[in-house]
Every structure is written in structure tokens, then in C-alpha cells.
Amino acid sequence: MKTVLVGINSSFVHTCLSVRELYSYARSKGLECSFCEHTVNNEPIKTTDSLYTEDADIYAFSVYIFNVAYVKRVASDLKKAKPDCFIVFGGPEVSHCREDFLKNNPYVDLILSGEGEEAFCDLLNVYSSDRTPEENKRMFTQNKIKNFSYIYNGNYISFPDRDPICDLSKLPFPYEPLETLRDRILYYESSRGCPFRCSYCLSAGDMPLRYASDERVFRDLKIFLDANVRQVKFIDRTFNSDRRRALRIWKFLAENDNGITNFHFEIAAWLLDDETLGFLRTVRKDLFRFEIGIQSTNPETMKAISRPVPFSEIRKAVEALDGKNIELHTDLIAGLPHETPESFEKSFNDVFSLGGEDLQLGFLKILKGSPMSLDKHGAVFSSEPPYEVISTPTMPYSYLAFLRKIAILIEAYHNSKLCSFMSAERLSSLFGLTPYRFFADFANFSSERGFFDKPRAVADTFTNLYLYLSTLMPEHIAEALCSFDMYSHGRVGSFPEWVLSLPDKEALYSLLKDEEKIKTVLPEKYHGIFFSQDIKYWYKNSVLVPLFFPENNKAEKTNVWFLYNKISDSIKMY
């Protein structure tokens, strides 16, 4: 008998933790299976072809909100091509409303719900390739196997989920070997469950909160560190729900830092105490990345979603972190109960002012199994994944559609690091606008130009910005701001017609011959790299550009030296 676990990722750089966990647990019990990974970017027929070639008896798919449509297409086609195979679905997208899903998707033979390790082993132990799918279902029924749901003889059969695994330390390390995964994003869980009950989240009805032991977590993390992997993302719902435990793990990572690996955590900022904040300010830059789900700063909204945390507490913690060595990602959700356009504008300004590297403006989704799926507060949602909000009693569709345009601009100009002046302070000092008003006006301007209706190259993105900024300030200052960021972004191939500040090759050559001046203007940390190359190298890999800067309060231009390749930085030549 051959069983294949199938993970469908959003892109190649991601990995599927769930199939690896089931695979490693089954193998630890002496059971044979394999796993494979594909992405939603592949043509579905090519994934079907690949799975058909596996010639397996059982195909077990991990199903999420982002891949359910793709998985359904692949599994349906696979069943038609290989009628005797046994199709298993598991994961959060199919763990609720199982009867309806099975009846609407008859090619699915079995849904495995809840924690899957033990149930998957039961499947491998009881299933026989010598029996038909219906005969195997009869055996499942006779054995009353928990966590299984299926249609048998026209009847819906479902047995309750078993008790969750209490000792997570018994679960084997899911990434063996690591040699081919160093440059991919590796997901890791050191706990299951969540102490909070946010009504929009599946974890609100999740199993009890459990932790793996410190010793086990340290051992696993050491494997990642020794392999010099690029990034490990903890999927713990609230990593610092136990403050002391979180601090112990963070200290372990700092003490064993390899200078390469970074670790991503979803945290509750208000749980950071003074001792933890003091420690976090000492860690290597980019060792940690924190995702902080704020969602809204409207007190009425926060109460309605069972998340009554004062924004003042979040702000205090974030300001104490100071953002210099830990990259911060902040989240907003549009469409929450009681949120109006006016209150959302305040929420946007509040969260943007925290200064995080990324601001994710998401839209409320009614997830099956979440408390909000029972009480939608009068909101209307799409019937298809990802079940996104269409309108609420306080937010019409037109406003949510407008916010989606703002979300595109946030990604294009702020989260992409394309623009250096996208902070609340600089937007205020340069344009006299709040962050929300800047992006709202920008969205209207961009929409009138058709910016959202066509593919965009980097030059088009900068041109759109320049034209908008020119409505707010003198054109030569707008040109300087956009040119500075365009040169900082990388080599400029063809120059848009608005770019007047062109590289001065003669001035660059004169600078490159002046070693003493270079030592003065170039940060010392770059000296070794810079002087290891000759003048010809830097003549090809740097430019000197005269630019206006509004903060200079003068009409003179300042030469800016942009270096590429071995050094990626810009130096103002005062």
C-alpha cells in the first residue's frame, strides 16, 4: 500500500508543516508513507499528472483557505483519472461543516478533522489496498475511528475527535533532512492552542493551550541554527502567552545566534514586560521579527470581537521596543463590527504611527468554525473562499472597495520599502497630511490615472508617485524624493521623462580617485569591502547624482552617492 501526503503551498519558498508533521509521526510509529509539495502557481493539470505518476492508493491533502479551490480541482481530476484511489482531506478549511462538504464533493472519500497525527496513523493501520473504498469505510465504521468523517452507504458517518496530544515533546522533529531547505521559509510550532478568544479567529474554539518542553524546543531550534537556515516562522497563535517561557526561548536564540537565521513570532505586545523589553533591545538586528495583530483601535470594536486591549498598552510596548533592531509587522482588519469609515481612519493612523516595517491591511473573513461564523453582526460575506466581507451595517461595499485600493498602495510603496519617506512623521512634515489622508488622496489620484487597472513596472510605480507628489509640493522637490528612492531601489535602466537628476559621471570619477575623501564620507564598516575593489569596479557599480532635499531648506543640490552590489547604500555628500 502506498500513501502520499500532499502539501499545496502559496509559493515555492514556503513549506507545508502539516504534511511533514504527519509524515514524521507516522514514520516514528513504523508506518510507511511519503509526502510531496506543489504550489498554487502550478497549472492544476501538471500537479494532477505528478500525483497520478505517484500511483498511490491513498492521497491525503492538507486544505486551507488559500488553496481549497486548487486542491478541489486537482483531487477531483485525480479521482476521475484513478477511480480506485482513496482521497483524504484534512485541515482547517474542511474540519467544519464536514457533512455538507462531503455531499457537495463526492470525490472526497474521507475528512480527517482535529489534530491529525494519531488519526492518520489509524488510517494507515486500518486501510487495506486489497479492499474497495466502500469496504474500507465499513472497517472504519466497525472500529469507530475517531476524527474520521465520510459517506458510507449513502449515510453520513462521523466519530468525535479524540483528546488532543498533551505532551508536544513526543512529536518528532518534522524537518529531516534540512540540506535542501536552507533558503525556504520553515514553519515551526512550540505550542498548540491559544489563551484568547478573538471572535474572528479559528483558535477561539481551538483545543486547550499546550507547550512543548523548553528542552525539546531548544533541541529543535539548535538544528535550525546549525543548518544556517534563512528563516523560521513560529506558528504559535500567541507566542508570548507565557511571558517567562517566551523570554527563555528568546534568550536561547540570542545566545546561539549564528548571524544568519531570523525568527518570526506572532506576539501580544501588551504582554511584554520591562525585563523582556530590556532584553529585546539588546539582540542582533534582524534576529527577530514580530507580528502584532492590532486589528482595530476602536474600543467598541475590540469589545465586540472579544479583544478588549487598550491601544495605549500596545503603543507603550512598541515604543519601548523602539523598532531599531526588531522588524515589526502590524495588522489591521477592515470590516470588523462597529467599525465606521471615521473610526477606521483613526485606527489606520494609530497603527501606521507605530512605525512598523509592514502594515498589513486585511479584510474580515468569516472562517468556518470561528465564533463570528455564528454571529456575523449583520455583515454580508462572499460565499466562496476566502469568504471576505462584502459589506457591514457600518461599512458599505463602496468604502471597502476603496480600502482595497489603499491596501494595494500600502504594499506597493510602504511594505515594499520602495519609499524612504513613508513614516507618519515625514508625511506630516512634508505634506501636512495624516497617513490615512495621504493614502486616501493617493488612491483617488491613482484610480483616476488607471493605475490599478494594468500591470505595473517599477518605473510606472515611481511615475505614479511623482505625479501625485507634484500635486502636493514643487515639482523639483517631488522629483528629488522619487529619484532618490528610485536610485536607492537599484540600477536605473531607462529613465522616465520626469527624471531630471541624472548621474554625474565626471564627478563620480573624481570622487573615486580621492581616497581620503572616500574614507571620510563612506561609513567605516564598508571600507574593507570598498577598497578590495578597484576604481573601475565602483565606476560600473555606483552613481553620483545631484538632488534637491526639502529638509535642507535651500535651493542647492546635494550630491548623493549610490553604491550597488557588494555595498547597497546611499551616502549624502555634504
Side-chain angles (χ1 to χ4, degrees), residues 5 7 9-28 34-37 39 62 64 115-117 165 167-193 209-267 276 279-280 282-292 325-329 357-358:
L5 288 151
N9 302 319
S10 59
S11 67
F12 174 77
V13 73
H14 295 277
T15 52
C16 185
L17 177 60
S18 58
V19 299
R20 284 181 161 81
E21 287 185 323
L22 297 189
Y23 167 79
S24 58
Y25 190 82
R27 294 296 295 266
S28 74
S34 62
F35 73 88
C36 63
E37 292 180 277
T39 82
S62 187
Y64 297 88
E115 289 187 341
E117 286 88 355
I165 297 172
D167 186 3
L168 300 185
S169 299
K170 293 181 179 179
L171 302 176
F173 183 70
Y175 294 101
E176 296 285 2
L178 273 174
E179 283 74 13
T180 61
L181 302 174
R182 287 193 182 95
D183 293 325
R184 297 174 68 180
I185 298 174
L186 305 179
Y187 297 90
Y188 179 76
E189 62 177 353
S190 69
S191 67
R192 289 181 178 178
L209 180 57
R210 294 145 289 149
Y211 300 100
S213 68
D214 287 7
E215 293 73 18
R216 168 57 195 276
V217 174
F218 294 163
R219 188 175 75 235
D220 289 352
L221 295 180
K222 194 67 166 62
I223 296 174
F224 289 128
L225 290 163
D226 289 345
N228 290 332
V229 302
R230 187 182 72 176
Q231 185 178 58
V232 176
K233 294 190 75 168
F234 278 68
I235 65 169
D236 302 44
R237 275 70 163 186
T238 305
F239 176 75
N240 62 329
S241 56
D242 182 333
R243 307 182 196 205
R244 310 316 301 165
R245 176 179 181 272
L247 181 57
R248 292 194 298 271
I249 293 175
W250 283 332
K251 285 185 174 180
F252 173 85
L253 292 173
E255 291 165 359
N256 293 273
D257 180 18
N258 59 16
I260 298 172
T261 309
N262 70 73
F263 296 86
H264 181 108
F265 304 90
E266 184 172 341
I267 68 163
T276 302
F279 164 74
L280 291 173
T282 69
V283 301
R284 169 177 67 85
K285 187 179 187 308
D286 297 330
L287 174 60
F288 299 149
R289 296 181 181 181
F290 288 169
E291 182 175 347
I292 302 172
N325 63 330
I326 295 178
E327 187 171 304
L328 301 179
H329 301 244
E357 279 72 13
D358 284 0

*Does some side-chain heavy atom of Val217 sit less than 4.5 Å from a side-chain heavy atom of Arg245?*
yes
*Of the non-hydrogen atoms in Ala254 and Leu287, which two are nearest, and what is the gap between them?*
CA-CD2, 3.9 Å
*asked:* Taking the ring of Tyr188 and the ring of Phe173, is the distance between their centroids below 6.0 Å?
replied: no
_Looking at Arg182 and Ala227, would you say the former's side chain and the latter's main chain have a donor-acceptor pair under 3.5 Å?_
yes
_Residues forming a ring-ring contact (aromatic ring centres under 6.0 Å, His included) with Phe239, sequence neighbours excluded_ = Phe234, Trp250, Phe265
*For Thr15 and Ile185, what are the C-alpha separation, side-chain angles and deciding distance, and is it a side-chain contact (heavy atoms from CB on, under 4.5 Å)?*
CA-CA 6 Å; Thr15 52; Ile185 298 174; 5.6 Å; no
*Exam field: side chain Asp236 to backbone Ser191, donor-acceptor pair closer than 3.5 Å*: yes
_Distance-minimising heavy-atom pair for Leu209 and Ser241_ = CD2-OG, 3.8 Å
*Where do Gly7 and Cys16 come nearest, in terms of heavy atoms and distance?*
CA-SG, 3.8 Å
*asked:* Please give me the minimum heavy-atom distance between Thr39 and Ser11, naming the atom from each residue.
replied: CG2-C, 3.6 Å
*Do the non-hydrogen side-chain atoms of Glu357 and Leu328 ever get within less than 4.5 Å of each other?*
yes
*Please check if the side chain of Ser169 supplies one atom and the backbone of Ser213 the other of a donor-acceptor pair under 3.5 Å.*
yes
*asked:* With a 4.5 Å cut-off on side-chain heavy atoms, are Glu117 and Leu22 touching?
replied: yes
_Just so I know, are the side chains of Leu221 and Ile249 near enough to count as touching, which here means a heavy-atom distance under 4.5 Å?_
yes
*Partners of Tyr64 by ring-ring contact (aromatic ring centres under 6.0 Å, His included), sequence neighbours excluded?*
Phe66
*Nearest-0.5 Å distance, CG of residue Leu17 to NE2 of residue His14*: 13.5 Å
*asked:* Treating Asn262 as the side-chain partner and Asp286 as the backbone partner, does any N or O pair qualify as donor plus acceptor under 3.5 Å?
replied: no
*In Å and rounded to the nearest 0.5 Å, what is the CG to CG distance from Leu247 to Asn240?*
10.5 Å
*Has the side chain of Thr261 got a donor or acceptor atom that lies under 3.5 Å from a matching backbone atom of Val229?*
yes
*Are Ser190 and Tyr211 close enough that some pair of their side-chain heavy atoms sits under 4.5 Å apart?*
no
*Electrostatic pair Glu115-Arg192, nearest N-O below 4.0 angstrom*: yes
_Nearest 0.5 Å, please: how far is CG in Asn228 from CG in Asp226?_
8.0 Å
_Partner residues of Phe279 under the ring-ring contact (aromatic ring centres under 6.0 Å, His included) criterion, sequence neighbours left out_ = none
*Would you confirm whether Arg184, through its side chain, and Phe12, through its main-chain N or O, come within 3.5 Å as a donor-acceptor pair?*
yes
_Salt-bridge criterion met for Glu37 and Arg20 (N-O under 4.0 Å)_ = yes
*With distance as the sole test, does Arg210 use its side chain to make a donor-acceptor pair with the main-chain N or O of Ile165 at under 3.5 Å?*
yes
*To the nearest 0.5 Å, how far apart are CD in Glu266 and NZ in Lys233?*
9.5 Å
_Approximate separation, where rounding is to 0.5 Å, of Ser24 OG and Leu171 CG_ = 7.5 Å
*asked:* I'd like to check Asn325 versus Leu280 (side-chain heavy atoms, cut-off strictly below 4.5 Å). Are they in contact?
replied: no
*For the atom pair CG (Asn258) and CZ (Arg284), what is the distance rounded to the nearest 0.5 Å?*
7.0 Å
_Arg230 and Val13, any side-chain heavy atoms less than 4.5 Å apart_ = yes
*Can Leu178 and Phe224 be said to form a side-chain contact (heavy atoms from CB on, under 4.5 Å), step by step?*
CA-CA 8 Å; Leu178 273 174; Phe224 289 128; 4.1 Å; yes
